Amino acid sequence: MKKLSMRFRRYIGIFKGVHIPWIMLVLALLAAITESQFLVTQATLTADIIDGTQQAINQTKLIRFVLVTLGSAAAGLLSTLISGWTYQKINLGVRNKLWNKLMLLPTKYYDGESGDALVSRVTTDASQSYVYFHVAINLITVIYAAVVSFVQMYRYSPVLSRYFLILFPVFVLMAWLFGKLNFIAGQKGQTTMSKTLGYLVEMTRNLRLVKAARMDYSEQQRGKSLFNKQFKASIWAVFGGSSTILLVQLLSCAATAITFIAGRSLVNIGDVTIGKLLGFYTISNMLIVRFTQLLMFYGMLKQGNGQMEKISEILDAPEEKQDGIEFDVSDRDILAEHVGFSYGERNVLQDVNFTIPKGKITAIIGSNGAGKSTMFKLLERMYDPEEGSIRFGETDVKTFNMRSWRESFAIVSQDKPLLSGTVRENILYGTKRNVSEEELIHVAKQANVYDFVMETPGGFDAQVGMFGGNFSGGQRQCIAIARAMMRNPDYLLLDEATSNLDARSEQVVSQALTNLMRGRTTVMIAHNYSATKEADHIIVMKDGRVEAEGSPEELIKSNDYYRAFVEKAG
């Protein structure tokens with residue numbers, strides 16, 4: 001009971017801050033109850049009309065029957081439309097809340113979650129947020145329909161009603177068993193579908209690697225195996241769904257047997273008329289269908305519980321700290337003091353100390369795995385140091401407002417990230433002010449973007465394609481530089497911005513970077529000397545520590561690694 005109470009509280013917490021259209025929910029409930037009442041009245045009128053045909057058809061009852069039938073159809077349609085809109089409105093509210101939360105979670109959270117799983121939380125899982133409301137409305141409707149139906153059945157025949165009650169526990173057991181079977185089949189299908197989708201996403205993203213490694217046939221066989229499992233799970237799901245129909249038929253047969261075998265003798269002795277016997281049969285079948293539907297919600301609730309648990313885990317996760325004092329850019333250096341950081345149990349930075357001079361170009365060099373990129377993430381405040389601190393002058397950067405700190409930084413990385421959309425949208429991404437066409441052209445020329453964009457059909461409004469696939473690596477990097485330049489940051493982070501480019505593209509990108517670095521405090525990571533020639537300050541990292549720090553002239557005399565780094569360039 002305690003576990004159920006905690007689960008219920010977590011479920012309620014999901015809807016905190018979400019606008020629930022209570023009025024529409026009440027209207028949907030009233031429409032559903034009205035439909036149930038009309039259906040019982042319809043069956044009652046049918047019985048009265050059949051009994052009345054022995055003399056003459058009662059036109060008043062016939063007209064009333066037609067009106068009740070139309071009213072039942074209208075109430076059913078209204079209930080479906082209102083509840084459908086309301087449920088989707090609830091799903092929309094939860095989906096927006098979940099997406100807003102994901103935008104506020106720290107980067108560290110995403111290290112332990114796959115992107116595909118998080119997409120599933122926002123799309124598939126959030127679409128089941130309405131389940132408890134749906135079940136609640138149907139539960140109230142079924143209880144109301146059961147009471148009204150049984151009262152009418154008892155009026156027709158107390159004896160038949162008692163027989164029906166005796167078999168009620170059997171109905172419950174059968175419905176529960178079939179409901180559990182349906183739930184198990186549905187869960188199996190959902191699990192295999194999730195695995196198949198994850199595999200397909202991974203393979204389509206890495207198709208180039210598959211072909212280059214000549215793994216086409218192996219992946220064909222692996223995919224075939226997953227598809228076969230999905231096929232079997234789908235068959236089970238179909239079987240589980242069909243079991244609902246079978247259950248209704250079995251219970252309906254039982255109700256029919258009770259009604260007509262026992263009812264025959266009651267008709268013979270005059271306790272029940274033919275019309276009332278048919279009315280009892282109709283209402284009892286309606287009651288069975290309603291009751292069966294209610295128990296089938298067992299699987300829906302179980303599945304919904306699992307999905308809501310996953311959503312709750314995200315909503316309960318601690319958010320990235322946003323508050324703090326405004327970041328006031330002044331002539332102060334950035335200092336790292338005894339900084340330590342690890343990914344899980346793997347230590348990446350240990351007792352790191354260095355200074356990034358204001359208004360200078362600082363290059364961080366070192367072998368792979370030395371901790372350079374991690375240091376960048378700490379400077380961006382994607383992560384916070386686990387030991388020591390990063391200070392801006394005398395102030396710990398943690399005290400600054402996160403948004404104002406990041407607005408002062410721009411990063412150009414080797415990944416060349418572009419978003420689907422136009423060239424214009426990508427250049428302006430992250431810029432909060434209005435930008436004139438003249439300024440856009442000026443920035444594009446400074447970043448060596450203008451010429452190749454003007455040669456592209458559509459110009460600035462040309463689509464970059466998925467991940468920027470419509471442009472070359474060098475062109476994508478220039479667009480990323482234009483984006484950073486448009487933001488006009490005070491601090492610039494260059495993470496191997498010229499790596500993986502051919503000689504011509506590197507020359508074009510280097511010129512754009514030179515324009516971007518002018519007048520800004522710049523920190524760069526580089527694996528070749530040509531990218532660091534303009535550096536005023538050098539930091540050499542090794543095995544997560546700072547091995548040396550100083551001007552190029554000082555380090556070429558005192559540090560073996562930097563000397564070899566320069567000599568390697570010839």
Side-chain angles (χ1 to χ4, degrees), residues 7-21 24-25 83-135 183 186-206 226 230 233 237 299-322 382-383 402-403 406 415 417-421 425-426 429-430 464-468:
R7 179 177 292 172
F8 182 74
R9 284 200 299 271
R10 289 191 74 183
Y11 182 80
I12 293 299
I14 291 174
F15 299 98
K16 186 177 180 181
V18 175
H19 174 67
I20 304 297
M24 301 302 288
L25 282 171
S83 61
W85 181 89
T86 305
Y87 297 153
Q88 293 308 314
K89 191 72 174 177
I90 292 171
N91 290 344
L92 175 64
V94 172
R95 189 172 283 120
N96 283 331
K97 180 178 179 180
L98 188 57
W99 180 246
N100 291 340
K101 178 72 176 187
L102 287 171
M103 293 295 100
L104 296 175
L105 289 175
T107 307
K108 200 166 189 176
Y109 179 86
Y110 294 92
D111 294 338
E113 294 284 345
S114 73
D116 298 334
L118 293 175
V119 168
S120 179
R121 298 294 89 81
V122 177
T123 54
T124 305
D125 293 345
S127 68
Q128 298 300 309
S129 305
Y130 75 96
V131 165
Y132 277 75
F133 296 93
H134 176 58
V135 172
F183 166 69
Q187 281 290 89
K188 188 176 180 65
Q190 186 180 20
T191 301
T192 53
M193 175 63 79
S194 178
K195 290 180 179 178
T196 302
L197 286 175
Y199 170 77
L200 292 174
V201 169
E202 183 179 29
M203 286 301 104
T204 51
R205 285 179 178 173
N206 296 284
L226 283 171
Q230 182 63 45
M300 185 181 291
L301 282 175
K302 289 283 286 184
Q303 184 172 333
N305 280 339
Q307 291 168 323
M308 292 304 103
E309 284 285 339
K310 295 171 184 174
I311 290 177
S312 292
E313 288 173 3
I314 295 176
L315 295 178
D316 291 343
E319 296 181 1
E320 196 172 50
K321 182 184 176 184
Q322 298 289 332
M382 295 298 173
Y383 298 93
M402 181 72 77
R403 189 172 296 276
R406 287 182 180 161
D415 299 331
L418 296 184
L419 300 176
S420 297
E425 289 168 344
N426 272 275
Y429 191 77
V464 302
M466 185 69 72
F467 306 116

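Model, not experiment: these values are computed from the prediction.
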Determine whether Phe133 and Ile20 make a side-chain contact, defined as any pair of heavy atoms from C-beta on separated by less than 4.5 Å. yes
Checking Lys101 now: which residues fulfil side-chain hydrogen bond (donor to acceptor under 3.5 Å, both in side chains) with it, not counting sequence neighbours? Glu319
Glu425: what forms a salt bridge (Lys or Arg N to Asp or Glu O under 4.0 Å) with it, not counting sequence neighbours? none
CE of Met382 to CD of Glu320, rounded to nearest 0.5 Å, is 7.5 Å
Can you list the residues that meet the ring pair (Phe, Tyr, Trp, His ring centres under 6.0 Å) rule with Tyr383, with sequence neighbours excluded? Phe341, Tyr343
With Lys321, which residues qualify under salt bridge (Lys or Arg N to Asp or Glu O under 4.0 Å), at least two apart? none
Could you give all pairs that pass the side-chain hydrogen bond (donor to acceptor under 3.5 Å, both in side chains) test and reach residues 83-100, with sequence neighbours left out? Tyr87-His134
Are there over 12 heavy-atom neighbours, none belonging to Tyr429, within less than 6.0 Å of that residue's OH? no
Taken to the nearest 0.5 Å, the spacing of Ile314 CD1 from Tyr109 OH works out to 4.0 Å
From CD1 (Ile14) to CD1 (Ile311), nearest 0.5 Å: 5.5 Å
Student check: side-chain heavy atoms of Val464 and Ser420 closer than 4.5 Å: no
Provide the closest heavy-atom pair for Pro318 versus Pro106 in the form atom of the first, atom of the second, distance. O-CD, 3.3 Å
Just how far is it from atom NE2 of His19 to atom CD1 of Ile90, taken to the nearest 0.5 Å? 9.5 Å
Report the distance from atom OG of Ser127 to atom CG of Leu92, rounding to the nearest 0.5 Å. 12.5 Å
Is there side-chain contact between Tyr130 and Val94, with heavy atoms separated by less than 4.5 Å? no
